[in-house]
Amino acid sequence: MQRILITSALPYINGIKHLGNLIGSQLPADLYARYMRAKGHEVAFICATDEHGTPAELAAIENKISTEEYCSEMWKVQKDLSEQFFLSFDFFGRSSSASNHELTKLFALNLDKNGLLKKVEERQLYSGEDKRFLPDRYVIGTCPGCSYERARGDQCENCTRQLEASELINPRSVLSHSEDLELIKTSHLYLMQSKLKDKLLAWIESNKNWPILTTSIAKKWLMDGEGLQDRSITRDLDWGIPVEKEGRPWEGMENKVFYVWFDAPIAYISSTVDWAISRKEHPDYWKSWWLDDHGAKDVHYVQFMAKDNIPFHTLSFPATLLGTDQSWKLVDYIKGFNWLTYEGGKFSTSQKRGVFMNQALDLFPSDYWRWWLLSNAPESSDADFTWKSFQACINKDLADVLGNFVSRLTKFTLSKFGKTIPGGTQYSKEEYNTISEIEKIFKRYDDAMTRIEIRKATSNLRKIWSIGNEYLQRSQPWMMIKTDEAEAAKVIRFGFNLMFFFSEISEPFIPETSIKVKNCLGKLNNKLQWPSFKKDFNSIFERVETGEEFKPIENLFKKIDDSQALDLEKRFEGTAN
RNA sequence: GGGGGGUUAGCUCAGUUGGUUAGAGCAGAGCGCUCAUAACGCUUUGGUCACAGGUUCGAGUCCUGUACCCCCUACCA
């Protein structure tokens, strides 16, 4: 048994996430967590909402409530949605928690003690009307390069020139449109990442098994141009973790907060602390997951995230950890994802384009989404969501292959034998051949799951399901029953064992369906045990026994017809096209 | 400008350290079955592996160049 720490990128508090966000980190992380638990490993699967920063403040203003209230409400919404998607977090915390405040300040203190923080004076645009400093993106003005009038403070959309907000001609606030902006001197703390460059490089290079996507992004940031840049870790905002040192305001940093990107990843740790507290563990328990000198050496730590998050998880956060000179656990494997697009374009929150988590659940059960998203996970390149693909995938894989297997088996049995699993003859060559064929594919499936090769895993799982239909087709119990009832009964008994096996090995992908099938078999309380290759594989198919009763079951999946698919396509195409 | 990824059957994608007739699923065609959500099974038609060179006994797989697509480029999260 191994101890596995799994974190998925923290969803930002501002609004309900769409399918692209879901497949980008939380869903694949859940798949892996469920798999590892089933294998008997000790898993800590941690996530939290990322709550600080300007967008949260603005969203709260829009909703006419305080930022604290807004975040509390949205945390609840996101937590509920994650539960409805059967995301099996051991703890879903908040980056605004007391423990994160405490830990974030502690990290800053330790980094400062090691001489890795410096104070830098800079000038930033302040909006009198909005009463706040404006991040670059919240300033628009005329581009000094091409005279485009709506250039953003970070980049001109028209000529793609990189800009400083202070370069803009006639700058104005995106929020209030006020032109009453002035450059004000302000100081910020910078994390001197450049000093940690060699350590980071050595660490990155020691991780030989990382995916290319991860390593190439990390090295690019590390080596490109002047190398790794120092970055500020504080902001002039109200909402955030106050910059304090040992309980007192940090000199020169009064009324400032830590930058979200500094405190957010620390929430992986503080959420583990909060998890331990909620379980009434020993106060040092969380350290066994996070500090090598407290037992975390044998922990295997895997992070899941979309590719835009990779620089922060390969450089900034590790720099924060390494810079303390304490034995913090560094990530062992990063599973990065590309983007999910929607009908050939981008998912867009502002244009209401695409499908969001709450809408998705109003339309179909979570397993439909889990299955499509996981079998189309953007692993090697971007993937495109289309209703046509969704329809074909659900109808074929779930309804026809898996759903219909369960349906034909249970209905046939009900009509010929009733609700009791019949006995019949002993398994013969036909059954043992089927088992060994399953074992072969199952090994590939298991291997893909271990390596987190999600698409490969789905195709093998699907193949295993179809072996069930192949078996029934070969055995033809509907013919057999006319001449040899005992033989037909044997086929049924084996069929039910296949069904039980399917429900268990499919659980990481479609947990809700798995529960339905186990309930049908009266095996709801059986703890999920991943089939082992060490024991006799044949015995796995002896667990549904003669005389046991099953409950008739509704069709597991409804098909999506053409008109419904077309209708959905129209309904979700968005407001701007 | 710099960097990364991609381009393989109508569609979505696999193709391990270069090695014999390039694979899967879906869609298409034919046959079979009738237990089942007109579902299932079997068989089968599709590819000058983006293009042009090069290395090699041999390249989808390595090198160079070209074309097209997507993404990243730091104080947005």
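Sequence lines set the chain letters: A, B, ... in the order given, protein chains first and strands last, and positions in each chain run from 1. The basis for the numbers below is simple: all heavy atoms, side chains too, and nothing from hydrogens, waters or symmetry mates.
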Quick test of your reading of the model: are [X] and [Y] salt-bridged, counting only N-O distances below 4.0 Å?
X      : Y      : answer
A:R444 : A:E453 : no
A:R132 : A:E57  : yes
A:K388 : A:E569 : no

Any side-chain N or O of [X] under 4.0 Å from OP1/OP2 of [N]?
X      : N     : value
A:K396 : B:C40 : yes
A:Y190 : B:C75 : no
A:K388 : B:C26 : no

Checklist entry - Quick one, which residues of residues 397-405 of chain A touch RNA chain B with a heavy atom under 4.0 Å? => result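 The answer is A:A399, A:D400, A:G403, A:N404.
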Checklist entry - Contacts to RNA chain B from residues 486-503 of chain A, heavy-atom cutoff under 4.0 Å, which residues? => result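 Heavy-atom contacts with RNA chain B come from no residue of residues 486-503 of chain A; none.
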Item to check | Pair A:W339 + A:F347: ring centers closer than 6.0 Å | outcome: no
My understanding is that only residues two or more places apart in sequence, or in another chain, count here; which of them pass ring pair (Phe, Tyr, Trp, His ring centres under 6.0 Å) with [X]?
X      : answer
A:Y12  : none
A:F412 : none
A:Y471 : A:F494
A:H188 : none

Next on the checklist: Here's a test for you: under ring pair (Phe, Tyr, Trp, His ring centres under 6.0 Å), which of A:F385, A:F557, A:F364 qualifies with A:W372?
Outcome noted: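 Only match with A:W372 under ring pair (Phe, Tyr, Trp, His ring centres under 6.0 Å): A:F385.
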Checklist entry - Looking for any heavy atom pair under 4.0 Å, which part of the strands does A:S232 touch: base, sugar-phosphate only, or nothing? => result base
Checklist entry - How would you label the contact of A:K346 with the nucleic acid (heavy atoms, under 4.0 Å): base, sugar-phosphate, or nothing? => result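 Sugar-phosphate, backbone atoms only, no base.
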Item to check | Ranges pairing with ranges for RNA chain B, where each run has three or more Watson-Crick or G-U pairs under 3.5 Å | outcome: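 RNA chain B stems, ordered by first number: B:1-7 with B:67-73, B:10-13 with B:23-26, B:28-32 with B:40-44, B:50-54 with B:62-66.
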Checklist entry - Does anything in residues 550-565 of chain A pair up under salt bridge (Lys or Arg N to Asp or Glu O under 4.0 Å), and if so which pairs, sequence neighbours excluded? => result A:D400-A:K559
Item to check | Partners passing side-chain hydrogen bond (donor to acceptor under 3.5 Å, both in side chains) against A:S72 (at least two apart in sequence or in another chain) | outcome: A:R94
Checklist entry - How would you list, by chain and number, every residue that makes a side-chain hydrogen bond (donor to acceptor under 3.5 Å, both in side chains) with A:R462, sequence neighbours excluded? => result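 side-chain hydrogen bond (donor to acceptor under 3.5 Å, both in side chains) list for A:R462, sorted by chain: A:D397.
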With the criterion being N/O to N/O and under 3.5 Å, what pairs connect the protein with nucleotides 13-17 of chain B, and how long is each?
from  : atom 1 : to     : atom 2 : distance (Å)
B:A14 : OP1    : A:S380 : OG     : 2.5

So which protein N/O to nucleotides 32-35 of chain B N/O distances come out below 3.5 Å?
from  : atom 1 : to     : atom 2 : distance (Å)
B:G32 : N2     : A:Q473 : NE2    : 3.1
B:C33 : O2'    : A:W478 : NE1    : 3.2
B:C35 : O2'    : A:R408 : O      : 3.1
B:C35 : O2     : A:R408 : NE     : 3.0
B:C35 : N3     : A:R408 : NE     : 3.3
B:C35 : N3     : A:R408 : NH2    : 2.5
B:C35 : N4     : A:R408 : NH2    : 3.1

Item to check | Syn/anti label of B:G65 as read from its glycosidic torsion, with the cut at 90° from 0 | outcome: anti
